[in-house]
Amino acid sequence: MAERGSLVADGAVPSEPSVREEIARIIAEVLRLDDIANDDDFFALGGHSLTASQVSSRIYRSLGVEVPLSVFFERPTVLGLAEYVTAGGAAPGSAA
């Protein structure tokens, strides 16, 4: 059963557009920004390892996918993170 406020229902990850919206909302909330674009760089917006940890925790609570800190460095945009999350947490082509 999904947590209150969670987009995950019955273990299914929502569609990429709703994942992008949720990740953008979470990042904007954590970084205290009014709005961010899908291609804004998390670190250029003022993010750092501690805020990445907060974003990761909120993504997990909302979307049910763990996002390791390394993913923020590899895919530092809403689009990159959403792609990772909709893939179920595994990088495309990886065995993980």
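Just so we're clear, the structure is a prediction, and the values are computed from it rather than from any experiment. Note: hydrogens, waters and symmetry copies are ignored here, and every other heavy atom, side chains too, is used.
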- With side-chain contact (heavy atoms from CB on, under 4.5 Å) as the test, would you mind laying out the steps for Ile27 and Leu81 before giving the verdict? CA-CA 11 Å; Ile27 292 173; Leu81 293 170; 3.9 Å; yes
Apply side-chain contact (heavy atoms from CB on, under 4.5 Å) to Thr77 and Phe42, showing your working. CA-CA 6 Å; Thr77 65; Phe42 175 76; over 6 Å; no
Would Ser53 and Leu69 count as a side-chain contact (heavy atoms from CB on, under 4.5 Å) if you check the C-alpha gap in whole Å, the side-chain angles of each, and the deciding distance to 0.1 Å? CA-CA 7 Å; Ser53 178; Leu69 182 59; over 6 Å; no
Q | Criterion side-chain contact (heavy atoms from CB on, under 4.5 Å) on Val85 and Val67, from CA distance to verdict | A | CA-CA 8 Å; Val85 169; Val67 181; 3.9 Å; yes
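Residues Phe72 and Leu31 are members of one and the same hydrophobic cluster, defined by side-chain heavy-atom contacts under 4.5 angstrom among Ile, Leu, Val, Met, Phe, Trp and Tyr. Taken together through direct or relayed side-chain contacts under 4.5 Å among Ile, Leu, Val, Met, Phe, Trp and Tyr, Ile36 and Leu79 form parts of separate hydrophobic clusters.
No donor-acceptor distance shorter than 3.5 angstrom exists from the side chain of Ser57 to the backbone of Gln54, with no hydrogens or angles considered. Within the 3.5 Å criterion, the main-chain N or O of Val65 finds no donor-acceptor partner in the side chain of Tyr60.
In this structure, CZ on Arg61 lies 8.5 Å from CD1 on Ile26, to the nearest 0.5 angstrom. Here CG of Leu33 is found 6.0 Å from CG of Leu45. Values are rounded to the nearest 0.5 Å. Within the model, atoms CD of Glu83 and CD of Glu16 stand 6.5 Å from one another, a figure rounded to the nearest 0.5 Å. Of the inter-residue distances, the one linking Asn38 atom CG with Ile23 atom CD1 reads 9.5 Å to the nearest 0.5 angstrom. Rounded to the nearest 0.5 Å, atoms CD (Glu22) and CD1 (Ile59) are 8.5 Å apart.
Classified by interplanar angle (parallel below 30°, tilted 30° to 60°, perpendicular above 60°), the ring pair Phe73/Phe43 is parallel.
A salt bridge links Glu29 to Arg25: at least one charged side-chain nitrogen sits closer than 4.0 Å to a carboxylate oxygen.
In plain terms, the two heavy atoms of Ala82 and Arg20 that are nearest each other are CB-CG, 3.4 Å.
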